[in-house]
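Below is one structure; the comments refer to it alone.
Bear in mind the structure is a predicted one, so any value in this text is a computation, not a measurement. What you see below is based on every heavy atom in this structure, not just the backbone, and it leaves out hydrogens, waters and symmetry mates.
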Amino acid sequence: MIERTRIADLAALPDGPVAVAGWVETVRDQKKVQFVVLRDETGAAQLVNPATREAEDGDDDARARLAITDEISGLAHGTFVHVRGTLKHDERVKLGGLEVKVGSLEVVSAAKPETPIADDSSLDKRLDWRFLDLRNRKQNLIFRIQTTMEHAFRTYWVERDYIEIHTPKLMASASESRAELFQLEYFETTAYLAQSPQNFKQMAQPAGFGAVFEIADAFRADPSFTSRHATEFTSVDAEISWVESHHDVMAMHEELLVAGFTAVKEKYGEEIEEVFGFEFVVPTAPFPRVTLAEARKIVADSGHDVVRADGDLDPEGERRVSAWAKETHGSEFVFVTDYDATIRPYYHMRHADDPTLTNSYDLLFNGAEISTGAQREHRVETLEAQAVEKGLDPEELGWYLDFFRYGVPPHGGFGMGLARVLMLALHEPSIREVTYLFRGPTRLTP
């Protein structure tokens, strides 16, 4: 490895020799002194170089300093350099209270003098040059937060003896809705990209795995151009055995989110406040819970008329229920439960005393839905009947229904969009900002 100290680690070092490496963020080329802001993956530091503008013949030291001065004068934004110098702690320096006096500077990879994007470039333009867009501190922090949150999710599950599974993304039939399937040639037949690991995480229940989880890609051929939709996204999924109802799934779900948010707050709370300008809040469990019927009333009482024919909440309805939860419970999260059977999949369990309702929920966060969960129907005869009711042919569901013919415990689970959680947690306007490389109806590159 090339010798260097990460910029975030400089503060712990005493004054003295040091090597740093990264890319040039800014250059202030003054007559007597040059300042360079150098950034690496951990932060930014100030380099200082007393400028040498001329050198007499025979003065090798001055000629070397002149060469460094000229090199710095010609540095373009984004150029990667390796620098050796002297570290000095100085509280007068605004950037971290330290600076490095340049002893030698090597240009490792020069950048073109003009960058194709600027701070005021449109989001689409920035996505065209995503590798440059990701260099800024805010974007770097987003993906550190994502890493910490995912690790906390996994830690929560692993500590409770969940099994991590990796389900196939090539499928012979739809896992959710045929209307949102990506179809592709697969040797002599047709395959589909998985919309969800739903079927396969349920398969783990009769397999005797108990509790399972997966964080992986999912695909939806959804022609939406909204700020919260993508055609490829990271789905956070879990499924657990021996639930009495969907409330058991909700209890696990909220504990998981509290664990993830706590880890982010502990590691990056101060930096989030500095970079994003707000205090990152860890939710308190239990989250408020309202039935869909109660949610409809909350929305109606607020003066909004949901015009959807299926009786589900529209985006404005979700925002109003979230506002109610914030105002009455001080919570950014709210579960909406007991959805009508007409707007839920056939595999959601119905209420024992009211078959028009399901043991299911949506989780709303800061005004938008981030997850759907439910207790699954595990009785094969009931599954078949509900499939027929939905206009499905049980013969086409044979391999899935086989999961339930040889014994299966009562179970339930959820699927949650990771990018939506990050977008809403960080108050970003679009999931494009929090997705490493976004895929939508009109974007397949870079």
Between [X] and [Y] (side chain of the first, backbone of the second, donor and acceptor by atom type, cut-off under 3.5 Å), is there such a pair?
| X | Y | answer |
| --- | --- | --- |
| Lys32 | Thr52 | no |
| Asp217 | Thr234 | no |
| Glu266 | Ala263 | no |
| Ser360 | Ala374 | no |
| Asp248 | Glu244 | yes |
| Arg443 | Asp124 | yes |
| Thr231 | Arg439 | yes |
| Gln205 | Lys201 | yes |
| Asp61 | Ala64 | no |
| Thr79 | Ala111 | yes |

Is the shortest side-chain heavy-atom distance between [X] and [Y] below 4.5 Å?
| X | Y | answer |
| --- | --- | --- |
| His247 | Phe335 | no |
| Glu164 | Val212 | no |
| Met349 | Asn359 | yes |
| Thr291 | Val336 | no |
| Tyr339 | Asp362 | yes |
| Lys112 | His77 | no |
| Leu292 | Thr337 | no |
| Gln34 | Arg28 | no |

Verify the neighbour count for atom [atom1] of [X]: are there more than 12 heavy atoms of other residues, nucleotides or ligands below 6.0 Å?
| X | atom1 | value |
| --- | --- | --- |
| Tyr186 | OH | no |
| Glu270 | CD | no |
| His151 | NE2 | no |
| Arg160 | CZ | yes |
| Lys326 | NZ | yes |
| Gln30 | CD | yes |
| Phe182 | CZ | yes |
| Asp161 | CG | no |

Check: Trp324 ring centre within less than 6.0 Å of His329 ring centre: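 For Trp324 and His329, the ring centres are under 6.0 Å apart.
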
Aromatic centroids of His246 and Tyr361 separated by under 6.0 Å: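 Not under 6.0 Å, so no.
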
Return the minimal non-hydrogen interatomic distance between [X] and [Y], and the atom names on each side.
| X | Y | answer |
| --- | --- | --- |
| Ile431 | Met423 | N-SD, 3.3 Å |
| Ala368 | Ser322 | N-OG, 4.3 Å |
| Ala194 | Met171 | CB-SD, 3.5 Å |
| Arg220 | Ser196 | NH2-CB, 4.1 Å |
| Pro206 | Val408 | CD-CG2, 3.7 Å |
| Val321 | Leu313 | CG2-CD1, 4.1 Å |

Show the atom names and distances, to 0.1 Å, of all donor-acceptor pairs under 3.5 Å that link a side chain in residues 92-104 to residues at least two apart or in another chain.
| unit_1 | atom_1 | unit_2 | atom_2 | d |
| --- | --- | --- | --- | --- |
| Arg92 | NE | Asp90 | OD1 | 3.1 |
| Arg92 | NE | Asp90 | OD2 | 3.3 |
| Arg92 | NH2 | Asp90 | OD2 | 2.9 |
| Glu99 | OE1 | Gln46 | NE2 | 3.0 |

To the nearest 0.5 Å, what is the distance between [atom1] ([X]) and [atom2] ([Y])?
| X | Y | atom1 | atom2 | value |
| --- | --- | --- | --- | --- |
| Glu239 | Ile163 | CD | CD1 | 13.5 Å |
| Ile68 | Leu105 | CD1 | CG | 7.0 Å |
| Met252 | Met250 | CE | CE | 11.5 Å |
| Arg432 | Leu123 | CZ | CG | 6.5 Å |
| Thr435 | Leu422 | OG1 | CG | 8.5 Å |
| Asp237 | Phe200 | CG | CZ | 12.5 Å |

Mutual orientation of the aromatic rings belonging to Trp157 and Phe213 [parallel < 30°, tilted 30-60°, perpendicular > 60°]: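 Aromatic pair Trp157/Phe213 classed parallel.
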
Plane angle bin for Phe278 and Phe276 - parallel if under 30°, tilted between 30 and 60°, otherwise perpendicular: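 Ring orientation, 0 to 90° scale: perpendicular.
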
Donor on one side chain, acceptor on other, Asn49 and Arg65, under 3.5 Å: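 Note: Asn49 and Arg65 side chains meet the donor-acceptor criterion.
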
Residues Gln202 and Tyr400: side-chain donor-acceptor under 3.5 angstrom: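 Checked: Gln202/Tyr400 side chains pair up, N/O donor to acceptor below 3.5 Å.
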
With sequence neighbours excluded, residues passing side chain to side chain contact (heavy atoms under 4.5 Å, CB included) with Ala19: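 If we apply the side chain to side chain contact (heavy atoms under 4.5 Å, CB included) test to Ala19, skipping adjacent residues, the hits are Glu3, His82, Arg84.
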
Check against side-chain contact (heavy atoms from CB on, under 4.5 Å), Gln183 and Thr190: CA-CA 7 Å; Gln183 179 177 314; Thr190 299; 3.2 Å; yes

Residues forming a salt bridge (Lys or Arg N to Asp or Glu O under 4.0 Å) with Glu25, sequence neighbours excluded: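 Glu25 satisfies salt bridge (Lys or Arg N to Asp or Glu O under 4.0 Å) with Arg39 only.
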
Ile72 and Val27: CA distance, side-chain angles, deciding distance, side-chain contact (heavy atoms from CB on, under 4.5 Å) verdict: CA-CA 8 Å; Ile72 291 174; Val27 176; 4.1 Å; yes

Thinking salt bridges, do [X] and [Y] make one under a 4.0 Å N-O criterion?
| X | Y | value |
| --- | --- | --- |
| Glu41 | Arg137 | no |
| Arg4 | Asp40 | yes |
| Glu214 | Lys169 | yes |

Test log, rule side-chain contact (heavy atoms from CB on, under 4.5 Å), inputs Tyr156 and Val258: CA-CA 10 Å; Tyr156 171 90; Val258 169; over 6 Å; no

Criterion salt bridge (charged side-chain N to carboxylate O under 4.0 Å, His left out) against Glu428, the qualifying member of Lys138, Arg420, Arg228: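 It is Lys138, the one option of Lys138, Arg420, Arg228 that forms the salt bridge (charged side-chain N to carboxylate O under 4.0 Å, His left out) with Glu428.
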
Steps toward side-chain contact (heavy atoms from CB on, under 4.5 Å) verdict (Leu363, Glu369): CA-CA 6 Å; Leu363 177 56; Glu369 177 258 315; over 6 Å; no

Option among Phe153, Tyr268, Phe280 that satisfies the ring pair (Phe, Tyr, Trp, His ring centres under 6.0 Å) test with Phe261: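 Exactly one option meets the ring pair (Phe, Tyr, Trp, His ring centres under 6.0 Å) with Phe261, and it is Phe280.
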
